[in-house]
Amino acid sequence: MNGHPGSVKFEIELLVNDKSHHAAIRAADTLLRVLREHLGLTGAKAGCENGDCGACTVHVDGVPIKSCMMLAIEARGSRIATIEGLRNTPIQQAFVDHFAFQCGFCTPGFIMVCHALAEHRPKAGDDVIQEWLQSNICRCTSYEEIGAAIKSVLRWQG
Amino acid sequence: MISFDFQYERPESIEEAVQAFQRADSAGLEPIYYSGGTEIISMARLNLLRTGAVIDIKGIPECNVMAVRQDRFVIGSAITLTNVVEANLYPLLSETSRNVADFTNRNKITIGGNLCGKFYYREALLPFLLADSQVVLAGAGGLRQVPIDLVMNGEPRLEKGELLVQIISEARYLALPFITVKKTKQEKIDYPIVRVTGLRAAEGIRMAFSGVSEAAFRSRELEEVLNDTALPVQERIEVAIRRWPYPILNDILSSAAYRTFVLRNTLTDAMEALERRRL
């Protein structure tokens, strides 16, 4: 299935949060735009759309990816998870317990990164936590609280 | 959003990729090969790049290889920087890749994209220049294997339509003493003001640089100066800076004078560290 030059759209199937979705997209549409505008999944936020802020982070085959930096068509055949797919995870409760947000715009992205970190590196030390969280920006500067939240989950798992 | 449309193809073999490029080129679509795509998406969104055809190489098996085989380290162009760091088969390459962009972006950025992109930092190139690596390129005439120095040192000089398939390095370089230092204006993950990578080989110190100029490069002339034991180290460094082969950048990250100051100090530290790690 290929797109065509011009404004031609084509149908694509995406597996998002364990559900199959169909959307008519352009090859140039980013995964972020398709999630938000075609599938109505607005949890991933359009912040910088330049790969800097991390507000649009989702999981693709379990790996945190900035959805503004991926074409939707690239994600065909992959398992995509968005913030809407997380339910009652320890990291979500930890963000509440540690007041790890203010305006909340960056929160879905941070939670997706933290959730992946807890899944992949449950014994992560400070260096690894810092390395992973460098991917995201919080303009309200809740970094201390976000750090406390992820550490509480890692301890909880350990 | 990206304001223009393009054709997308995901070939599953080198031949299909090259043919797709030729077809799109014949149709006037100005095709580009696409791997991680982060730079292409960023530039396309800002209308700094236009193309009518994107050829995604991630489905090509040869581009997804990363292994040490028969005394050769082989890495495919579609391997992500995160995978490079985690596999750690070539420690200098892993350490150099570690702070190229942030972690989540490194899950997407690939070796091929870092080497062939428009941004001139190309930090992942430096360890390959130091190891005298070879590149496997695919084009209309088939495959060719050439020294990376010939086609990448300074700036990419691939022929039109050529695809970077793999980079091959002799395994004897993988365990040599090395140093890689990145100096940035603010964050560790910013573009470098100065990136110095060095290997201590049997014949002396090898060094390659990024961020100082509008080119990522290795210079035999500079290495000759830096290895000239007839001169004190500090004098060698001054001569090397005077003979720098490209203009030193003067931009929003740093003035040329400050960059030169940082370069001098970083070279001093790097030379001392490599001396301590003598074979």
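- Val113(A) touches chain B through its side chain: at least one heavy atom from C-beta onward sits under 4.5 Å away, while N, CA, C and O do not.
- Taking a cutoff of 4.0 Å between a charged side-chain nitrogen and a carboxylate oxygen, Asp190(B) and Lys182(B) do not qualify as a salt bridge.
- Interface remark: Asp56(B) contributes side-chain atoms only to the contact with chain A (heavy atom separation under 4.5 Å).
- Side chains of Ile111(B) and Phe128(B) form a contact here, defined as non-hydrogen atoms less than 4.5 Å apart.
- For Thr82(B), no part lies under 4.5 angstrom from a heavy atom of chain A.
- For Asn265(B), the side chain to side chain contact (heavy atoms under 4.5 Å, CB included) partners two or more places apart in sequence, or in a different chain, are Phe261(B).
- Counting heavy atoms from C-beta on, the side chains of Phe103(B) and Leu117(A) never come closer than 4.5 Å.
- For Glu37(A), no part lies near chain B; criterion is any non-hydrogen pair under 4.5 Å.
- Contacts with chain A were tallied for Asn105(B), Asn107(B), Ile189(B), Thr104(B); Thr104(B) has the most, counting heavy-atom pairs under 4.5 Å.
- Using a 4.5 Å heavy-atom cutoff, the side chains of Leu126(B) and Thr180(B) are not in contact.
- Using cut-offs of 30° and 60° for the angle between ring planes, the Phe95(A) and Phe101(A) rings count as parallel.
- Chain B forms more heavy-atom pairs under 4.5 Å with one residue of Thr30(A), Thr57(A), Leu71(A) than with any other, namely Leu71(A).
- Interface remark: Leu133(A) contributes no atoms to any contact with chain B (heavy atom separation under 4.5 Å).
- Of the residues considered (Val54(B), Asn99(B), Ile2(B)), Ile2(B) shows the highest number of contacts with chain A, using heavy-atom pairs under 4.5 Å.
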